[in-house]
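So the structure is just underneath, and the comments pick up after that.
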Amino acid sequence: MINRKIWVLVLSLPAIAVTAGAQTAAHPLTSAAAIWRLKRPQAAPPVYFRLRGQVLAYAPSGLAQFPVLILRQANTGLQVRLSAPVPGLAPGNLVQVRGSQIETFPHPHVIASGIKILGQAPLPAASSVALDDLRYGMLDGRWARLQGVAVRVELKRGGTRLILMKDGVAGRVWLAGPWMERPQRLIGARVSVRGGVLCRWQADHWVTDLISTPANLAVITPGPADPFSLPVMPLSRVDQQLRSFPRLIHVHGVATVQQPWGAVTIQSGNRGLYLRGYHLPRLNPCQQVEAAGFPISSGSTVILQDAMLRPGAAVKCPAPIRVLAGERLNPAWYDRRLEVSGKLYALHLTPQHRAQSLSLLAGNRMFYVEFAWPGARAWASKLLPGMGLRVRGAYYATLYAGQPELALYPGRAADIQILSYPPWWTATRQRWLLALLVLAMLLAFGGAMVYKIQVRRIGRLVEIRTREQRELEKQLQQARHMEALGRLTAGVAHDFNNILTIILGRTELLLAKAGNGETLQQLQIISDSGQRAARLTRQLLAYGRRQALQLESVNLNSVVRGMGDMLRALMGEAVRVELRLAPQLDPVMADAGQISQVIMNLAANALDAMPQGGVLEIETANCQLSATEAALYGSLAPGHYVRLSFRDNGVGMPPQIRDHVFEPFFTTKGEGQGTGLGLASAYGIISQSQGGIRVESAVGRGTVFHIVLPRAASASAARHGA
């Protein structure tokens with residue numbers, strides 16, 4: 001155990017307020033307060049940090065997709081995200097974290113690449129805060145104490161979540177570690193919790209949790225051992241309990257309807273109540289239930305929030321209130337069963353697993369009727385607009401877009417009865433008959449015009465097919481041209497390479513015998529020119545697939561990582577290189593040196609396409625090519641491959657340039673600035689490795705080169721089969 005004086009000294013280290021660009025691995029950032037002051041642009045360089053402090057709270061799993069802890073340094077708290085749980089890490093530990101990734105949204109936090117436990121110290125005193133103060137992350141990273149009534153307990157993977165309520169405000173508490181013993185005993189209890197405040201952006205809203213452990217939870221006033229042992233409260237007195245909210249109450253009633261999402265409406269005497277809970281059991285209509293929960297105000301009515309249910313026996317449904325034509329609807333009828341008669345105005349059928357609904361016109365009122373029992377969709381599909389219906393269901397009214405909306409929720413098929421069917425000869429059928437007569441006249445007088453249009457359409461289709469056939473013939477001719485050009489180039493390059501071998505050999509002999517003077521200079525010029533010619537010859541041999549390759553099992557991720565520093569040096573500061581390497585990438589049979597040359601050629605091509613700077617993304621992935629996809633790479637067979645992609649956001653290429661990029665000596669650079677063999681040699685190396693390469697590009701949209709190589713097993717089988 002570290003001495004308390006040493007611990008005070010550690011937490012009192014002075015803050016170092018420096019800018020993000022000045023931090024290096026040799027001089028890391030050591031102040032949590034300075035991290036809170038950082039302003040991080042999107043493409044900022046890494047900021048190295050090494051922080052010492054005390055762990056206030058730690059959630060290894062369950063709360064988020066990653067382990068997270070709250071680190072306290074002096075009077076500043078900071079979120080720290082870890083890549084994996086740390087064995088032995090617990091609140092109160094003195095730790096040192098390091099890394100180079102700092103985020104500022106939604107609040108400053110760091111992503112640690114390493115953590116070291118230094119010792120243990122007592123946790124500081126927590127300041128009391130209100131539940132309302134947790135909103136919007138104003139206390140992010142603070143060590144706080146919350147008090148409230150536990151209204152919900154949820155057992156999650158890696159811990160237990162409590163929902164506390166006080167003064168009409170709810171707050172979330174995460175208790176990390178094994179599940180608590182008998183957690184339901186906390187329902188209705190007034191508790192006090194110490195923990196670290198963690199605020200994060202989840203989906204499209206703020207989420208704030210108090211991270212703690214069961215050891216930091218204290219029960220101030222225990223709740224009932226069994227909520228159903230509380231005295232039964234009549235439903236007529238439920239709204240009076242809002243003054244002492246939150247208060248756990250116990251009610252009895254008959255379930256009249258259960259919504260698809262689980263909510264239940266019960267009725268007892270002349271009052272109804274809407275129950276909304278967590279994992280409510282499925283009930284049948286007209287079944288007795290006991291419920292325990294917390295009454296809250298919801299608009300113009302009262303609901304029982306976080307309810308717990310205990311089903312009972314089946315009974316007779318309460319008699320509905322029959323609503324007569326023109327009778328005024330009473331707000332006291334909310335959640336009670338009403339009986340309304342009217343005509344079916346419209347059906348709103350949804351997929352089978354969701355609730356079905358209809359609109360019922362009763363006098364001058366429109367009721368929205370929603371029902372969700374098994375087979376409801378098939379039953380409702382037989383209904384026709386204009387039918388006379390009698391509907392019995394739980395009543396609810398609300399304002400929607402400033403207009404009153406009346407709703408009925410029947411609980412079973414027997415609650416909707418058909419009173420009458422619509423007449424056969426209706427105004428709708430009259431309109432349909434008139435429309436059919438007009439359509440027949442149009443067909444009789446417009447037959448010739450339709451025939452003419454069809455003839456023109458067929459002519460256009462023939463023209464399109466002819467144009468597509470010509471395009472395919474053009475592509476086939478281009479492929480044959482590339483193949484013939486490759487054979488010719490390889491043959492010439494092979495013979496020329498033999499001649500160059502003799503020239504360079506004789507030159508080396510003469511250089512060894514020549515003394516100083518003009519003769520030595522002339523021989524050196526001949527040797528340099530011969531070396532350049534030899535390099536061009538090797539590129540031509542690579543294009544013609546006549547180059548000797550040293551095939552071996554190669555992992556493209558290792559090749560790309562090994563060239564990372566070289567690529568970043570080649571691209572300069574204006575171009576950012578991003579590597580997106582797939583985990584568990586399959587090996588390929590290739591020449592690692594030649595693959596490195598292909599990567600350098602494609603990177604140089606991308607650099608020329610981004611004169612103003614940009615982003616070069618290099619991505620690897622396992623893929624399976626279908627017959628259609630394999631045809632895009634030439635003569636490849638369908639199967640499993642490994643893909644290497646180069647994507648830049650440069651100027652792009654028009655089609656007339658894109659179709660010739662792999663031809664030797666084709667270049668868009670000025671005279672003397674390029675040989676036009678970089679992409680041609682890449683094409684030959686990939687083709688000789690039994691792979692394929694293709695390009696996608698458009699002006700102003702950047703360029704993507706896709707390279708596919710067969711997996712090592714596939715390449716071996718292909719060679720043996722050949």
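Note that these values count all heavy atoms, side chains included, but never hydrogens, waters or copies made by symmetry.
- Of the possible donor and acceptor atoms, none in the side chain of Q79 sits under 3.5 Å from a partner among the backbone N and O of L69.
- Judged by distance alone, with hydrogens and angles left aside, the side-chain atoms of N622 form a donor-acceptor pair with the main-chain N or O of D586 at under 3.5 Å.
- For Y409 and F371, the ring centers sit 6.0 Å or farther from each other.
- With rounding to the nearest 0.5 Å, the separation of CG in D140 from NE2 in H109 is 9.5 Å.
- Of all non-hydrogen atoms in T256 and P318, the two that sit nearest each other are CG2-CD, 4.2 Å.
- Shown here is W432, whose CH2 atom has no more than 12 heavy atoms of other residues, nucleotides or ligands within 6.0 Å.
- Looking only at distances, no side-chain donor or acceptor of T265 sits under 3.5 Å from a matching main-chain atom of A394.
- The number of heavy-atom neighbours closer than 6.0 Å to CD of Q65, taken from other residues, nucleotides and ligands shown, is 12 or below.
- The nearest pair of heavy atoms linking V232 to P234 is O-CD, 3.9 Å.
- Ring planes of Y334 and Y396: tilted class, angle from 30 to 60°.
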Next on the checklist: For a side-chain contact (heavy atoms from CB on, under 4.5 Å) check, start with the C-alpha distance between D133 and V197, then their side-chain angles and the critical distance, and finish with the verdict.
Outcome noted: CA-CA 10 Å; D133 294 337; V197 180; over 6 Å; no
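- For the atom pair R145 CZ and R194 CZ, the distance stands at 6.0 Å (nearest 0.5 Å).
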Next on the checklist: Test side-chain contact (heavy atoms from CB on, under 4.5 Å) on Q305 and R152; report intermediate values, then the result.
Outcome noted: CA-CA 10 Å; Q305 180 72 12; R152 188 190 309 170; 3.9 Å; yes
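- Other residues, nucleotides and ligands contribute over 12 non-hydrogen atoms within 6.0 Å of the CZ atom of F66.
- By the 4.5 Å heavy-atom criterion applied to side chains, L162 and R172 are not counted as neighbours.
- Side-chain contact check for D415 versus R337: some heavy-atom pair is nearer than 4.5 Å.
- For the pair E370/P260, a side-chain contact is recorded, criterion being any heavy-atom separation below 4.5 Å from C-beta on.
- Contact annotation: the side chain of R365 approaches that of L329 to within less than 4.5 Å [non-hydrogen atoms, C-beta and beyond].
- Within the 3.5 Å criterion, the main-chain N or O of N270 finds a donor-acceptor partner in the side chain of R336.
- In this structure, CD in E629 is found 9.0 Å from CD in Q624, a value given to the nearest 0.5 Å.
- Closest heavy-atom contact between I416 and P410: CD1-CG, 4.0 Å.
- Proximity of a side-chain donor or acceptor of Q258 to a complementary backbone N or O of P281 within less than 3.5 Å is detected.
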Item to check | Verdict with supporting geometry, V251 and S268, side-chain contact (heavy atoms from CB on, under 4.5 Å) | outcome: CA-CA 9 Å; V251 296; S268 177; over 6 Å; no
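- We find the CG-OG distance between L164 and S192 to be 9.5 Å, quoted to the nearest 0.5 Å.
- A292 and P227 make their closest contact through CB-CB, 3.7 Å (heavy atoms, listed as atom of the first residue, atom of the second, distance).
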Item to check | Intermediate values then yes/no, side-chain contact (heavy atoms from CB on, under 4.5 Å), L384 and L344 | outcome: CA-CA 7 Å; L384 299 173; L344 174 59; 5.7 Å; no
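- The 12-atom threshold is exceeded at CZ of R282, counting heavy atoms of other residues, nucleotides or ligands nearer than 6.0 Å.
- Contact check on R200 versus D209 returns a salt bridge, with a Lys/Arg side-chain nitrogen under 4.0 Å from an Asp/Glu carboxylate oxygen.
- No side-chain heavy atom of H250 sits less than 4.5 Å from a side-chain heavy atom of P224.
- The CZ atom of F294 sits 9.5 Å away from the CD1 atom of I249 when rounded to the nearest 0.5 Å.
- No side-chain heavy atom of P638 sits under 4.5 Å from any side-chain heavy atom of L625.
- To the nearest 0.5 Å, atom CD of residue Q417 and atom CZ of residue R392 are 5.5 Å apart.
- Here the side chains of P67 and V86 are not in contact, with every heavy-atom distance at 4.5 Å or above.
- Minimum heavy-atom separation, L82 to Y58: CD1-CE1, 4.1 Å.
- Closest approach of L186 and V219 over heavy atoms only: CD2-CG2, 3.9 Å.
- Side-chain contact check for L383 versus I418: some heavy-atom pair is nearer than 4.5 Å.
- A salt bridge links R310 to D226: one of the charged nitrogens lies within less than 4.0 Å of a carboxylate oxygen.
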